[in-house]
Amino acid sequence: REALPIAWDGVYVLGGFSPLELREDPEAVEIVVRCHRRGGLVAAICHGVTLLVPTGILKGRHVTGNEAREIEFTNAGALWESTAPQIDGNLVTAIYSGDDGPMLDAVIHWFQGGPDGARAHLMDQYLAGKKVAILLDARFSFNQYLFPLKRLFHNGAEVRVVAETKAPLDERRKVGPCLPDLTFEEDRVEIGLGRLL
């Protein structure tokens with residue numbers, strides 16, 4: 001209830017399964033509705049879009065989200081799109097965590113220039129020509145690997161995963177795997193250092 005009176009400039013609804021319960025909470029739904037009515041940004045990704053179904057704001061809007069929920073979204077009046085992110089006025093939606101980079105670019109630029117600003121910067125390549133190594137061993141956190149990998153790649157960087165071996169790495173909670181591009185030794189050779197390091 002404390003959140004209801006705040007004049008939010010934006011609401012960002014995460015994916016996962018919590019939105020399936022949050023959509024049954026009238027106060028959570030009301031926060032989204034009030035933000036939308038004021039012209040604030042409503043952003044949702046994956047299952048997060050299900051929280052928008054009871055708000056009525058999907059009707060007539062270009063929307064994407066978890067593909068298994070397409071019928072639910074179209075039954076709510078949404079115009080389903082299979083690409084992400086979708087930007088329709090003050091509504092931004094995306095399909096899954098692989099869309100985090102473009103989704104966040106859209107959200108940031110929406111606040112700076114509305115829907116047109118968001119669309120204009122979806123594929124900014126300001127990291128073009130940059131080479132970035134992500135260093136891993138088997139104790140890495142998968143989400144902390146995946147997000148920067150996709151974000152850096154989205155913005156034009158050449159990203160290579162470097163590890164002790166090229167064997168598939170399952171992170172500490174056995175999520176993954178990640179397939180390294182280079183070993184540390186190959187990286188030394190590639191940049192001409194041989195065994196000096």
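In this text, all values refer to a predicted model and were calculated from it rather than measured experimentally.
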Partners meeting side chain to side chain contact (heavy atoms under 4.5 Å, CB included) with Ala133 (sequence neighbours left out): Leu135, Val162

More than 12 heavy atoms of other groups within 6.0 Å of Ile71 CD1: no

Contact list for residues 15-57, test ring-ring contact (aromatic ring centres under 6.0 Å, His included), sequence neighbours left out: Phe17-His47

ring-ring contact (aromatic ring centres under 6.0 Å, His included) involving Tyr145 - partner list, sequence neighbours excluded: Phe140, Phe142

Side-chain donor-acceptor pair present, Asp105, His154, cut-off under 3.5 Å: yes

Spacing of Met103 atom CE and Ser97 atom OG [to the nearest 0.5 Å]: 12.0 Å

Spatial distance of atom CD1 (Ile134) from atom CG (Leu152) [nearest 0.5 Å]: 6.0 Å

Residues, nucleotides or ligands: over 12 heavy atoms within 6.0 Å of Glu30 CD: yes

Salt-bridge present (Glu72, Arg23; N to O < 4.0 Å): yes

Side chain proximity check, Ile95 to Ile45, heavy atoms < 4.5 angstrom: no

Partner set under side-chain hydrogen bond (donor to acceptor under 3.5 Å, both in side chains) for Arg38, not counting sequence neighbours: none

Any side-chain donor near an acceptor of the partner, Arg69 and Asn75, under 3.5 Å: no

Distance (rounded to the nearest 0.5 Å) between Asp100 CG and Leu149 CG: 12.0 Å

For the student: nearest non-hydrogen atoms of Leu58 and Phe73, plus distance: CD1-CD2, 4.3 Å

Closest contact, heavy atoms only, Asp116 versus Arg119: OD1-NH1, 3.2 Å

Distance in Å, Arg34 CZ paired with Thr55 OG1, rounded so as to fall on 0.5 Å steps: 14.0 Å

Heavy-atom closest contact (Pro19 atom, Leu14 atom, distance): CG-O, 3.2 Å

Distance, nearest 0.5 Å, that separates CZ of Arg61 from CG of Asp88: 4.5 Å

Side chains of Glu81 and His62, donor plus acceptor under 3.5 Å: yes

Residue pair Ala28 / Leu22: nearest heavy atoms and the distance that separates them: CB-O, 3.7 Å

Test item: Asn155 side-chain N/O and Gln125 main-chain N/O as donor-acceptor pair under 3.5 Å: no

Glu164 atom CD, neighbour heavy-atom count above 12 within 6.0 Å: no

Minimal non-hydrogen separation, Thr165 against Pro180, with atom names: O-CG, 3.5 Å

Non-hydrogen atoms of Thr64 and Ala94 that approach each other most closely: CG2-CA, 3.6 Å

Listed partners of His121 passing ring-ring contact (aromatic ring centres under 6.0 Å, His included), at least two apart: His109

Heavy-atom donor-acceptor pair, Glu186 side chain to Thr183 backbone, under 3.5 Å: yes

Contacts of type side chain to side chain contact (heavy atoms under 4.5 Å, CB included), residue Asp9, not counting sequence neighbours: Phe111

Contact check, side chains of Asp137 and Leu169, non-hydrogen atoms, under 4.5 Å: no

OG on Ser18 to CG on Asp25, rounded to 0.5 Å: 11.5 Å

Heavy-atom side-chain proximity of Leu51 to Val29 below 4.5 angstrom: yes

Expected output: side-chain Trp110 to main-chain Gly89 donor-acceptor under 3.5 Å: yes

